There are 2 protein chains.
Amino acid sequence: MPHDIFILTEAELRKSVRLDMNAVRVVEQAFAALGTGKVIMPPILSMAIPEAHGEVDVKTAYIPGFEGFAIKVSPGFFDNPKLGLPSLNGLMILFSAKTGLVEALLLDNGYLTDVRTAAAGAVAAKHLAPREVGTAGVMGTGVQARLQIEAAHLVRPFRRVLVWGRDTSKAEACARDIAERLGIEARAEADPARLVAESQLVVTTTPAEEPVLKAEWLHPGLHITAMGSDQEKKNEVAPGALIKADLYVADRVSQCERLGELRAAIAAGLWKGGTPPELGEIVNGRPGRTSEEQITICDLTGTGAQDTAIATFALGEAKKAGAGKVIQS
Amino acid sequence: MPHDIFILTEAELRKSVRLDMNAVRVVEQAFAALGTGKVIMPPILSMAIPEAHGEVDVKTAYIPGFEGFAIKVSPGFFDNPKLGLPSLNGLMILFSAKTGLVEALLLDNGYLTDVRTAAAGAVAAKHLAPREVGTAGVMGTGVQARLQIEAAHLVRPFRRVLVWGRDTSKAEACARDIAERLGIEARAEADPARLVAESQLVVTTTPAEEPVLKAEWLHPGLHITAMGSDQEKKNEVAPGALIKADLYVADRVSQCERLGELRAAIAAGLWKGGTPPELGEIVNGRPGRTSEEQITICDLTGTGAQDTAIATFALGEAKKAGAGKVIQS
């Protein structure tokens, strides 16, 4: 039946939603809801199109109390840069959770995913990193390398950033961007072992299929957020590190077992920790880090609950700002 | 990255795409592609929202040679009629299969799903029903009861239609609509056994969880298309009928095993037929019905390949007609 649908473009969404503490709180609430066990979140739909070096993921979740649920479609086509296009794109569709009618089309080209993914890193750092973080390290040099550091800085205002990447010039460019954005010292570090040694917080943001962070580099007072692995082949953190850490936390156990760092640790036969805690449970008060000296790891694969939360927030903010247009379907 | 997106409304799509032989050929081509084994079609994403008596399914498929692939979102919220809204809604999104960019938003509120579902019934009838069909029977009285008969009539121009439903007045209304639409005799039949006895083609279109069509009603020269079951609890055709038939055909074996009539036959311990043929293989020339006297059954759960095919066709037809508008994302 024809009805009104609200349409928001990427430019409008970039004005309405920024990577700030409001976004972090929205995503923290999504994790809190996940932690209650009442969110309905089906397995991710995933389709690879090998001949185009492409893939598409669809995520969704229903959060009780929310008026709508988002369906988020994330295509990643990795030959796009050759065409002058970004690899990652997509949109979010917000449906009424009462009637299933399409309420809004958020044509964000992946922007809201960038924000909610970085915000999840801030939630992990807020609840798991040592209180005092002087230096933060980031492995990887892409969009999320920049955004994860920006987000983490909201909750742990570190004074220095180290950036490691396979390509030194990209690491230097990333460090320059971070220094400019946050107004703090940031530099490329060619030795990943030294990066980890000098950091209290490390975020891994790579598409690595072989670990880039070794277990022997772990040291007291370190928190690692691994956010790069979201597919069965990927693995950023050496499986032994999950065993060596005092605490391993999943964003969603069922996803991390299949797509996260936990998958590799299970495959290596090393994981004997049973069912690990989820970030949402820690947000809700389950003990996380219990001393500054502990070593903690948080494994982020990305949840549909984050999508529903950020889409709902974005629609509300855009409407407040008078942005967007209405189309009759 | 902002780019142009083509938007089509339900009204525009209804003008561009009709349930005619063009639509049937488009869906037949989708099955032919499925039959080659080269289509990439991941499992359906499905989420139930019990507190709203709702569910949402997401389907997709990549068909080699097609420029785009559709993601189809189908919400079903079964308390909607109390609010004066249809239960089924949704939209299709067409993405470039080369770049993953959103190409078009087809705001069809489920219309294209109605068409491609009915067209699949016509494909099944074309390839499996006896050549001579004098009477067609339909079980169920909803939108698909009407459309399945309309579609089947394109390929088997029967002279008479019988309609059975639990609610006699709905069956009568459905028969009146069909008679008016097709200009042929159509009447409600209160006895489903008699409906089957007098028909050479029967389409079941109900949400039944207990079989409405019994195995002992099968008779030589009958084809049954069962299209109502698309969830794990549903079952329209008695499991024994699948054994008694000379030929059982699935639209997609992996889906029918989980969601179709085949599921119930397997659960009942009756199915010993190994892997059944798929409709696409029959389209491509695998032997189907080999005599007028045989009994055949086709199990339709609905495939993402149909969605990609109809969405691609709809976009092309709409562009030819100059319909739609462009929005910058």
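Keep in mind that what you see is a predicted model, and the values were worked out from it rather than measured. Every chain is numbered from 1, with letters handed out A, B, ... down the list of sequences.
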Please give me the minimum heavy-atom distance between [X] and [Y], naming the atom from each residue.
X	Y	value
Ala30(A)	Ala309(A)	CB-CB, 3.7 Å
Gly140(B)	Ala145(B)	O-CB, 3.2 Å
Leu45(A)	Val58(B)	CD1-O, 3.5 Å
Ala120(A)	Leu279(A)	O-CD2, 4.3 Å
Ala119(A)	Val27(A)	CB-CG2, 3.6 Å
Leu262(A)	Cys256(A)	CB-O, 3.5 Å

Part of [X] lying under 4.5 Å from any heavy atom of chain A:
X	result
Ile7(B)	side chain
Ile40(B)	both
Val73(B)	side chain
Leu88(B)	neither
Leu105(B)	side chain
Leu83(B)	side chain
Ile5(B)	side chain

Any Ile49(A) side-chain heavy atom under 4.5 Å of Phe77(A) side chain: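 A side-chain contact exists here, since the closest heavy-atom pair is under 4.5 Å.
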
Donor-acceptor pairs under 3.5 Å, chain A to chain B, main chain and side chains both?
unit_1: Met1(A); atom_1: O; unit_2: Asn109(B); atom_2: ND2; d: 3.3
unit_1: Glu51(A); atom_1: OE2; unit_2: Tyr62(B); atom_2: OH; d: 2.6
unit_1: Tyr62(A); atom_1: OH; unit_2: Glu51(B); atom_2: OE2; d: 2.7
unit_1: Asn80(A); atom_1: ND2; unit_2: Thr99(B); atom_2: O; d: 2.8
unit_1: Thr99(A); atom_1: O; unit_2: Asn80(B); atom_2: ND2; d: 2.9
unit_1: Asn109(A); atom_1: ND2; unit_2: Met1(B); atom_2: O; d: 3.3
unit_1: Asn109(A); atom_1: ND2; unit_2: Ser329(B); atom_2: OG; d: 3.0
unit_1: Ser329(A); atom_1: OG; unit_2: Asn109(B); atom_2: ND2; d: 3.0

Pick from Ala48(B), Ala52(B), Pro42(B), Gly90(B) with the largest number of heavy-atom pairs that fall under 4.5 Å of chain A: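 When all of Ala48(B), Ala52(B), Pro42(B), Gly90(B) are compared, Pro42(B) has the most.
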
Residue selection (most heavy-atom pairs with chain A, distance under 4.5 Å) from Ala11(B), Pro2(B), Pro86(B):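 Greatest number of close heavy-atom pairs with chain A: Pro2(B).
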
Chain B contact via Pro43(A) - which portion, at a heavy-atom distance below 4.5 Å: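 It is the backbone, since no side chain atom gets that close.
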
Straight-line distance of Leu94(A) CG to Phe66(A) CZ, nearest 0.5 Å: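 With rounding to 0.5 Å, CG (Leu94(A)) is 10.0 Å from CZ (Phe66(A)).
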
Please identify, among [options], the residue contributing the most non-hydrogen atom pairs under 4.5 Å to chain B.
options	value
Leu91(A), Leu8(A), Val102(A), Leu106(A)	Leu91(A)
Leu101(A), Ile44(A), Leu13(A)	Leu101(A)
Pro50(A), Ala97(A), Ala61(A), Gly54(A)	Ala97(A)

